[in-house]
Amino acid sequence: EDLGTLGPGEWLPPVLERNVADVGETPESPVVLVAAGSTEESARVDLVAASGLWQASRPGRVLTAAVSGPDPRPEQVIASLGSAASEAVVVPFMLAPGALADRAAAAAQSAGVPCAATITAKDRTPPELVAHLAHRLQPT
């Protein structure tokens with residue numbers, strides 16, 4: 001059975017918000033949710049869905065970008081924030097560290113803003129993700 005992509009869900013906003021707090025930012029800080037990027041419409045729809053889901057639970061703006069593909073680059077999105085750009089934080093919408101997450105971090109550094117961790121890191125896996133995966137893998 002094909003389980004498809006991990007995709008967005010109610011489990012995601014608390015994980016992303018903790019990653020923002022870990023770099024010293026607040027729920028009022030604008031965030032740039034950065035995906036790997038794709039020309040596949042389904043991947044782009046997942047990014048927009050994740051952004052909308054997270055925006056519903058936080059006062060700060062949630063904007064989207066990608067490190068490849070047709071979507072705008074993180075630096076462009078941060079620059080579009082004008083005077084609020086210095087308060088922004090880049091948040092990788094990536095499961096684990098790697099080359100694409102490194103590109104998101106480099107974009108944050110070049111824009112002079114912090115970059116949060118990926119969804120998982122070498123020293124932690126969010127319990128919300130574990131519960132989400134366990135639920136998806138239960139036989140129906």
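- Within the 4.5 Å cutoff, the side chain of Val32 has no heavy atoms near those of the Val91 side chain.
- When side chains are defined from C-beta on, Leu33 counts as touching Leu47, because their heavy atoms get closer than 4.5 Å.
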Pairs of donor and acceptor atoms involving the side chains of residues 67-75, under 3.5 Å and at least two apart or interchain, shall be tabulated with distances.
unit_1	atom_1	unit_2	atom_2	d
Ser68	OG	Ala36	O	2.7
Asp71	OD1	Arg44	NE	3.4
Asp71	OD1	Arg44	NH2	2.8
Asp71	OD2	Arg44	NE	3.2
Arg73	NH1	Ala66	O	3.4
Arg73	NH1	Gly69	O	3.1
Arg73	NH1	Asp71	O	2.7
Arg73	NH2	Gly69	O	2.9

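- Between Met94 and Ile119, every side-chain heavy-atom pair lies at or beyond the 4.5 Å cut-off.
- Arg58 meets the side-chain hydrogen bond (donor to acceptor under 3.5 Å, both in side chains) test with Glu17; sequence neighbours excluded.
- The shortest heavy-atom contact between Val90 and Ala108 is CG2-CB, 3.6 Å.
- Heavy-atom minimum distance, Pro92 versus Ala116: CD-O, 3.3 Å.
- In this structure, the side chains of Leu53 and Pro13 come closer than 4.5 Å at one or more pairs of heavy atoms.
- Rounded to the nearest 0.5 Å, atoms OG (Ser80) and CG (Leu63) are 6.0 Å apart.
- When all heavy atoms of Ala65 and Val77 are compared, the closest pair comes out as CB-CG2, 3.8 Å.
- For the side chain to side chain contact (heavy atoms under 4.5 Å, CB included) test with Val31, the passing option among Thr64, Leu16, Val62, Asn19 is Val62; the others fail.
- Leu12 is not listed as a side-chain neighbour of Trp54, based on a closest heavy-atom distance of 4.5 Å or more.
- In this view, Glu87 and Pro30 satisfy the side chain to side chain contact (heavy atoms under 4.5 Å, CB included) rule, not counting sequence neighbours.
- Defined by atom type and a distance below 3.5 Å, a donor-acceptor pair is missing between the side-chain atoms of Glu40 and Ser42.
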